[in-house]
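Remember, it's a predicted structure, so these values are computed and weren't measured experimentally. Residue numbering restarts at 1 for every chain, and letters A, B, ... go by the order of the sequence lines.
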Amino acid sequence: MDTIAIKYNDEIVDLQTAEAKDIHGEAIVLDNSNDALEVLRHSAAHLMAQAIKSLYPDAQFFVGPVVKEGFYYDFKINEEIGEGDLKRIEKQMLFLAKKKYPIERYEISKEEAQKKFAHDPLKLAVMERIADETLSIYKQGDFEDLCRGPHLPSVKAIRFFKLTKIAGAYLGGDSNNEMLTRIYGIAFADKESLKAHMQMLAEAEKRDHRKIGAQMKLFTFREEVGAGFPIWLPAGARLRSRLEELLFKAHRKRGYEPVRGPEMLRSDLWKTSGHYQNYGENMYFTHIDEVEFGVKPMNCVGHIKVYEDELHSYRDLPIKYFEYGIVHRHEMTGALHGLFRVREFTQDDAHIFCTTEQIESQVIEVVDFVDKIMKSFNFDYKMMISTRPSKAVGSDAVWEVSTQALKNAMDSNGLPYEIDEGGGAFYGPKIDIKITDAIGREWQCGTIQLDFNLPERFALEYNGEHNDKIRPVMIHRAILGSFERFIGILTEHYAGEFPMFIAPTQVAIIPIAPTHNAYAERLRNMLLDIGADSEIFSKNESLNKRIRTAEKSRVPMLIVLGDDEVANQTVAVRDRRTREQYSLGETEFLTMIQDKMKEVHF
RNA sequence: GCUCACAUGGCUCAGAGGUAGAGCACUUCCUUGGUAAGGAAGAGGUCCCGGGUUCAAUUCCCGGUGUGAGCUCCA
């Protein structure tokens with residue numbers, strides 16, 4: 001395989017630069033490694049710009065970086081350009097790639113560059129953002145662009161790419177600036193990877209929880225209700241309550257006490273907590289008899305009030321309060337998205353009040369809890385420890401101890417983690433849990449945050465061994481994050497085919513003729529007795545039609561009842577996936593359902 | 001919040017400056033069927049809301065609301 005760049009001092013250096021500066025390092029070849037894709041996609045962005053320039057000669061270009069999901073280029077043209085033009089640009093890119101232009105690099109001073117691009121206000125804007133005095137120019141054919149690289153040696157390697165979407169983007173991401181046109185694309189080293197990626201995108205579209213949620217009647221939104229306020233329909237509410245019940249029991253077993261704070265608290269309290277100052281623009285406020293109240297955006301203050309209700313001894317710690325806390329947050333209109341981003345949601349929230357010494361063991365406990373749950377849903381996950389940000393409260397020593405506590409907890413449990421330097425909350429370091437779903441997408445759900453700030457602000461204490469007053473540490477933690485978001489993720493993860501233990505309906509019952517309806521009813525009642533929901537498909541439709549409808553409803557188990565089944569007290573089970581059929585005795589069947597539902601406990 | 005697009009029966013969508021259609025779903029009837037769409041009849045719409053233009057607006061214009069995509073990841 002051809003070398004496309006080298007790795008030097010942990011940086012990717014393209015061959016043009018390496019040659020000019022006589023740098024040697026480890027070869028990067030054209031494959032699907034992160035380093036190779038970075039170079040490939042960057043050059044693909046340039047090739048796209050070249051294609052656009054050749055099709056629309058008046059085009060001016062801003063920036064064209066590589067991003068997580070491929071690459072993009074922001075530009076400005078006078079003509080209208082839309083989705084339909086992407087194919088044309090792709091074609092032109094292929095045409096140009098076949099010319100096998102070498103990509104050349106040379107350096108000029110900023111002054112020269114400003115002269116060179118004097119007619120191009122976008123490039124001048126780009127240069128304003130660059131501090132360096134020497135700039136590099138990359139040239140392929142008659143197309144030149146200001147760019148820091150790295151790039152491929154030639155455009156000929158860019159073969160497997162696709163332009164994925166076109167959208168507007170503000171110059172520099174600032175909505176005060178003018179809107180440019182942005183085209184996104186993706187590129188890979190080989191055809192199969194590109195194909196697999198496009199299939200993943202198509203699969204993601206099929207699994208869209210907004211679509212499946214409507215089909216399965218899980219939830220809905222209504223204009224007259226307001227943006228960002230989900231309405232849970234019976235099927236969705238059944239699913240949700242199954243999840244809530246399982247998780248409730250799991251909390252109780254792990255020593256958490258259920259508590260409940262009010263929806264609104266006086267603004268003075270939010271001033272004490274710091275939310276008023278730091279989070280106020282995301283909060284909703286109202287007045288009661290001239291006193292201002294804030295609708296809670298988080299549950300911590302309520303739990304602090306629970307803690308304050310009595311004096312605590314060190315012997316009581318750790319104290320673990322949990323609540324399915326309904327919170328309201330003013331999200332930007334444009335950020336709202338199905339169940340993933342709403343303005344009212346319910347967190348599986350808990351606060352652990354403990355001693356500094358207990359931090360590590362408590363974190364291990366939570367991580368273990370997370371592990372249990374995520375494994376139950378077949379999610380892979382990884383954890384990130386976020387350290388002290390530049391703007392932070394608390395002493396260095398406390399940060400050091402607490403960050404180390406998080407690391408120790410992970411290390412002693414043999415758990416891998418990544419470090420997000422400076423990514424912590426202002427009040428303490430945290431561990432974020434990122435799960436990977438069935439089609440490889442990552443989602444941030446749970447979080448474990450150490451907090452030395454709120455105990456300080458509310459002057460929380462407990463009595464130590466020598467009757468001294470000691471400040472406890474608070475650990476904020478959520479595992480699912482919110483029921484709304486998590487159920488949205490689950491829906492896409494399972495493509496609506498939920499496992500038995502959380503499915504909205506466990507069994508679809510299909511009586512062949514009305515004479516079998518009584519047996520169907522009897523089975524439904526027996527299923528209810530073991531906590532399983534069922535739906536009887538007894539409408540006046542053909543048997544085939546009813547089986548088809550039941551199959552499409554994504555219920556995990558189908559049973560068909562006819563004369564034989566009634567006579568022998570059996571059920572004919574039909575597997576939703578394999579379409580295989582087998583017969584089971586009534587009690588065996590009920591036991592099987594019960595077993596499948598008990599398969600999981602967190 | 002900003003930019004652009006969209007908003008028609010429960011759902012998915014077609015449509016025209018002269019107040020509207022299809023498929024699915026729904027109701028009723030026929031069909032009594034053993035594993036992926038049997039047949040017939042019928043009911044159902046302030047064409048998102050408010051204002052403007054027009055003899056006439058659901059259709060054109062403006063505002064609002066809602067939905068979608070994008071707006072951070074630095075040449």
Side-chain angles (χ1 to χ4, degrees), chain A residues 42 45-46 49 61-69 71-74 80-83 105 110 113 117 120 122-132 135-138 144-151 164-184 208 210-211 214-215 217 220-229 233 281 330-338 508 510-517 537-553 558-565 572-576 579-581 583:
Chain A
H42 198 167
H46 270 229
F61 296 91
F62 188 56
V63 299
V66 174
V67 289
K68 210 177 0 171
E69 279 301 303
F71 62 84
Y72 69 79
Y73 220 121
D74 284 350
E80 282 284 310
I81 184 165
E83 198 83 30
R105 175 183 190 277
K110 192 169 191 175
F117 292 102
D120 190 335
L122 287 187
K123 279 295 160 205
L124 294 176
V126 172
M127 278 183 262
E128 271 174 36
R129 293 150 182 265
I130 305 172
D132 305 353
L135 303 175
S136 53
I137 304 280
Y138 282 81
E144 284 194 316
D145 198 6
L146 179 74
C147 182
R148 113 181 131 181
H151 280 287
T164 47
K165 55 191 154 195
I166 181 163
Y170 296 101
L171 193 155
D174 182 342
S175 56
N176 294 317
N177 289 338
E178 67 175 309
M179 170 84 56
L180 306 174
T181 304
R182 172 175 294 182
I183 294 181
Y184 283 94
D208 191 318
R210 294 167 299 184
K211 206 172 98 191
Q215 285 168 358
K217 297 211 166 290
T220 187
F221 290 91
R222 300 206 132 235
E223 183 178 346
E224 66 269 31
V225 170
F229 295 106
L233 303 173
E281 27 179 70
H330 182 79
E331 299 292 346
M332 288 198 296
T333 321
L336 301 175
H337 182 96
I510 304 168
I512 287 174
T515 49
H516 312 121
N517 285 356
F537 289 77
S538 60
K539 272 203 328 209
N540 187 13
E541 295 283 357
S542 68
L543 178 64
N544 280 353
K545 173 69 175 284
R546 287 182 288 132
I547 285 174
R548 179 183 153 84
T549 311
E551 283 284 1
K552 288 202 344 182
S553 72
L558 252 75
I559 59 172
V560 179
L561 309 176
D563 288 341
D564 295 349
E565 285 73 23
V573 179
R574 180 189 161 104
D575 190 282
R576 76 171 154 185
R579 296 192 195 170
E580 278 167 11
Q581 294 147 40
S583 188

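- For the pair Arg182(A) and Tyr72(A), the distance from NZ or CZ to the six-membered ring centre is under 6.0 Å and the angle to the ring normal is within 45 degrees.
- Rounded to whole Å, the distance from CG on Leu336(A) to P on U67(B) is 6 Å.
- With the nearest nucleotide of RNA chain B identified for both Ile512(A) and Gly334(A), Gly334(A) has the one nearer the 5' end.
- Using atom C1' as the reference point in both G15(B) and U31(B), the two lie 37 Å apart (nearest Å).
- Of all heavy-atom pairs spanning Phe117(A) and Ile137(A), the tightest one is CE1-CD1, 3.7 Å.
- When atom types are taken as modelled, the side chain of Arg546(A) and the backbone of Pro511(A) share a donor-acceptor pair closer than 3.5 angstrom.
- One distance of note links CZ of Phe62(A) with CG of Asp120(A); it measures 11.0 Å at 0.5 Å rounding.
- When the P atom is compared between G66(B) and C49(B), the two are found 15 Å apart, to the nearest whole Å.
- Going from atom CZ of Arg546(A) over to atom C1' of U35(B) covers 11 Å, rounded to whole Å.
- A donor-acceptor contact under 3.5 Å is formed by the side chain of Arg574(A) with the base of A36(B).
- A donor-acceptor contact under 3.5 Å links the side chain of Glu565(A) to the base of G34(B).
- In this structure, Arg182(A) reaches the C71(B) phosphate: one of its side-chain N or O atoms is under 4.0 Å from OP1 or OP2.
- Checking G17(B) for Watson-Crick or G-U wobble geometry (two distances, each under 3.5 Å) identifies no partner in any strand.
- If you find the closest nucleotide of RNA chain B to His42(A) and to Gly226(A), the one lying nearer the 5' end belongs to Gly226(A).
- Atoms CZ (Arg222(A)) and P (C49(B)) sit 14 Å apart, rounded to a whole Å.
- Remark: U72(B) base-pairs with no nucleotide; criterion is Watson-Crick or G-U wobble with both hydrogen-bond distances under 3.5 Å.
- Distances shown here put every side-chain N or O of His337(A) at or beyond 4.0 Å from the OP1 or OP2 atom of U67(B).
- The pairing partner recorded for A41(B) is U27(B), the criterion being a Watson-Crick or G-U wobble arrangement whose two distances lie under 3.5 angstrom.
- Among the nucleotides A25(B), G1(B), A36(B), the one closest to the side chain of Thr333(A) is G1(B).
- Annotation: the span from Asn517(A) atom CG to Ile512(A) atom CD1 amounts to 11.5 Å, rounded to 0.5 Å.
- Nucleotides C29(B) and U65(B) have their C1' atoms positioned 44 Å apart, rounded to a whole Å.
- A57(B): no Watson-Crick or G-U partner with both key distances under 3.5 Å is found in any strand.
- The nucleotide whose nearest atom lies closest to any side-chain atom of Pro65(A) is, among A69(B), C74(B), U3(B), C74(B).
- OP1 or OP2 of A69(B) lies within a sub-4.0 Å distance of a side-chain N or O belonging to Arg210(A).
- Looking at His151(A) and Arg105(A), their side chains never come closer than 4.5 Å, going by heavy atoms from C-beta outward.
- Counting only heavy atoms from C-beta on, Arg148(A) has its side chain closest to C74(B) among U3(B), C74(B), A37(B).
- At C74(B), none of the side-chain N or O atoms of Tyr72(A) fall inside 4.0 Å of OP1 or OP2 (strictly under the cut-off).
- The structure places CG of Asp208(A) at 10.0 Å from CD of Gln215(A), a figure rounded to the nearest 0.5 Å.
- Atom name P, nucleotides U58(B) and U46(B): the rounded distance is 13 Å, in whole Å.
- Closest to the Glu223(A) side chain, of the nucleotides G1(B), U3(B), G64(B), is G64(B).
- Residue Lys165(A) places at least one side-chain N or O closer than 4.0 Å to OP1 or OP2 of G70(B).
- Here, A20(B) and G45(B) have their P atoms 13 Å apart, quoted to the whole Å.
- The base-pairing partner of C6(B), taking Watson-Crick or G-U wobble contacts with both distances under 3.5 Å, is G66(B).
- The side chain of Ala227(A) lies closest to U67(B) when the candidates are A36(B), G38(B), U67(B).
- Nucleotide A22(B) forms a Watson-Crick or G-U wobble pair with U12(B), both donor-acceptor distances falling under 3.5 Å.
- G9(B) and G44(B) have their C1' atoms separated by 6 Å, given to the nearest Å.
- Put simply, CZ on Phe537(A) is 16 Å from C1' on C26(B), counting in whole angstrom units.
- Separating the NZ atom of Lys68(A) from the P atom of C73(B) is a distance of 13 Å, rounded to the nearest angstrom.
- Here the separation of G51(B) from A57(B), taken at their P atoms, is 12 Å to the nearest Å.
- Atom CG in Leu543(A) sits roughly 8 Å away from atom P in A36(B) (whole-Å rounding).
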Distances for protein N/O vs nucleotides 27-30 of chain B N/O pairs under 3.5 angstrom?
{"residue": "C30(B)", "atom": "N4", "partner": "Asn540(A)", "partner atom": "ND2", "Å": "2.8"}

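- The gap from the C1' atom of G10(B) to that of G17(B) amounts to 30 Å, rounded to the nearest Å.
- Look at CD on Glu224(A): it is 14 Å from C1' on U46(B), rounded to the nearest Å.
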